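To start, the structure under review is shown below, and the notes come after it.
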Amino acid sequence: MANATKSKNKKPSWFRRVGAKCKETFSELKRVTWPKFSTVVKTTGVVLVVVAAFLAVVTGVDALLSWLLGLIS
């Protein structure tokens with residue numbers, strides 16, 4: 001009878017693995033060196049400038065190809 005109550009309270013193995021993985025993840029996050037807010041703002045600005053530059057290039061190429069297609073047809 002003692003074995004029956006022990007097996008009822010025992011959690012499934014996948015549940016233990018997920019719990020262990022969560023515990024490991026949180027302990028790893030405590031060791032992360034997070035950047036300062038000013039660094040985040042600067043790198044976000046760089047990313048936005050690069051995206052805008054690519055947008056301008058792609059838009060220019062699209063306009064050029066549309067113009068050339070208009071000449072052909």
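Here the structure is a predicted model, which means the values were calculated and not measured.
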Please table the atom pairs, donor to acceptor, closer than 3.5 Å between any side-chain atom in residues 34-53 and protein atoms at least two apart or in another chain.
| residue | atom | partner | partner atom | Å |
| --- | --- | --- | --- | --- |
| Thr43 | OG1 | Thr39 | O | 3.0 |
| Thr43 | OG1 | Val40 | O | 3.1 |
| Thr44 | OG1 | Val40 | O | 2.7 |

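Annotation: the span from Glu28 atom CD to Lys21 atom NZ amounts to 10.0 Å, rounded to 0.5 Å. The distance from the CG atom of Leu69 to the CG atom of Asp62 is 10.5 Å, given to the nearest 0.5 Å. Note that the CH2 atom of Trp67 and the CD1 atom of Ile72 stand 10.5 Å from one another [nearest 0.5 Å].
Two different hydrophobic clusters hold Val58 and Val61 under the rule that ILVMFWY side chains link at heavy-atom gaps under 4.5 Å.
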